[in-house]
Amino acid sequence: MSTHDRGDTLAEWPCCGSALVALPAPMVARFAPGGSTVEHDTDSSCRLTLGAWSWAGLAGLLLTFDADVTDIEPAELRQALRSLRTRIDEGLRCAT
């Protein structure tokens, strides 16, 4: 789990997607859920590919890394992130 190539293969999930994560591959590999893959991109970024039961769940897993994410695929994952952003914005407006 301390190297980016943990030997995992992508698990079969109803929803699978990927994104570039602005963290080094070894760090992401250490905390990525089993059945996900981490590919080295640069010394400070990697591509994380993973799956979940729902697009919202997959979006949530990406957010647990608390890092910038770019090049998000597929469109369903991008839409799930937009929906979560809207829900969070609404919740924050109600809290003030």
Side-chain angles (χ1 to χ4, degrees):
M1 299 276 265
S2 63
T3 65
H4 72 274
D5 184 2
R6 305 181 319 178
D8 284 358
T9 56
L10 186 61
E12 295 210 19
W13 290 97
C15 303
C16 291
S18 71
L20 283 177
V21 179
L23 291 171
M27 180 181 292
V28 172
R30 183 173 180 195
F31 298 103
S36 58
T37 61
V38 180
E39 300 169 59
H40 179 270
D41 182 53
T42 69
D43 287 345
S44 60
S45 68
C46 62
R47 174 160 297 280
L48 175 60
T49 303
L50 66 170
W53 289 108
S54 68
W55 293 111
L58 186 55
L61 288 171
L62 278 177
L63 295 176
T64 63
F65 286 92
D66 193 25
D68 291 342
V69 292
T70 57
D71 195 25
I72 301 161
E73 294 294 336
E76 293 88 347
L77 179 54
R78 292 191 301 271
Q79 182 56 46
L81 286 161
R82 286 184 195 103
S83 294
L84 287 172
R85 179 183 62 200
T86 299
R87 291 168 62 191
I88 291 165
D89 285 346
E90 287 296 318
L92 291 172
R93 273 194 282 278
C94 293
T96 56

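Side chains of L77 and L62 form a contact here, defined as non-hydrogen atoms less than 4.5 Å apart. Residues F65 and L48 are in side-chain contact: their nearest non-hydrogen atoms beyond the backbone lie under 4.5 Å apart. For the pair R78/E73, a side-chain contact is recorded, criterion being any heavy-atom separation below 4.5 Å from C-beta on. By the 4.5 Å heavy-atom criterion applied to side chains, W55 and P74 are counted as neighbours.
Looking at D66, T70, V69 one by one, the single match for side chain to side chain contact (heavy atoms under 4.5 Å, CB included) with V21 turns out to be V69.
Here the CG atom belonging to L23 is positioned 9.0 Å from the OG atom belonging to S44, to the nearest 0.5 angstrom. The CD atom of Q79 sits 9.5 Å away from atom CG of L81, with the distance rounded to the nearest 0.5 Å.
A search for side chain to side chain donor-acceptor pair (under 3.5 Å) contacts involving R85 returns nothing, not counting sequence neighbours.
Residues C46 and V28 share a closest heavy-atom pair of SG-CG2, 3.5 Å. What you find for W53 and P14 is that their closest heavy atoms are CE3-CG, 3.5 Å. Minimum interatomic distance between S18 and T49 (heavy atoms only, all atoms of both residues): CB-OG1, 3.3 Å. For L50 against P33, the heavy-atom pair with the smallest separation is CD1-CG, 4.1 Å. A80 and A56 get closest at one heavy-atom pair: CB-N, 3.9 Å. When all heavy atoms of L84 and G60 are compared, the pair lying nearest together is CD1-N, 4.4 Å.
Other residues, nucleotides and ligands contribute at most 12 non-hydrogen atoms within 6.0 Å of the CG atom of D43. More than 12 heavy atoms of other residues, nucleotides or ligands shown are found within 6.0 angstrom of CG on D71.
For the pair R93 and E90, the salt-bridge criterion is met [side-chain N within less than 4.0 Å of a carboxylate O].
Note on L58: it clusters hydrophobically with F31, by side-chain heavy-atom contacts below 4.5 Å among ILVMFWY residues.
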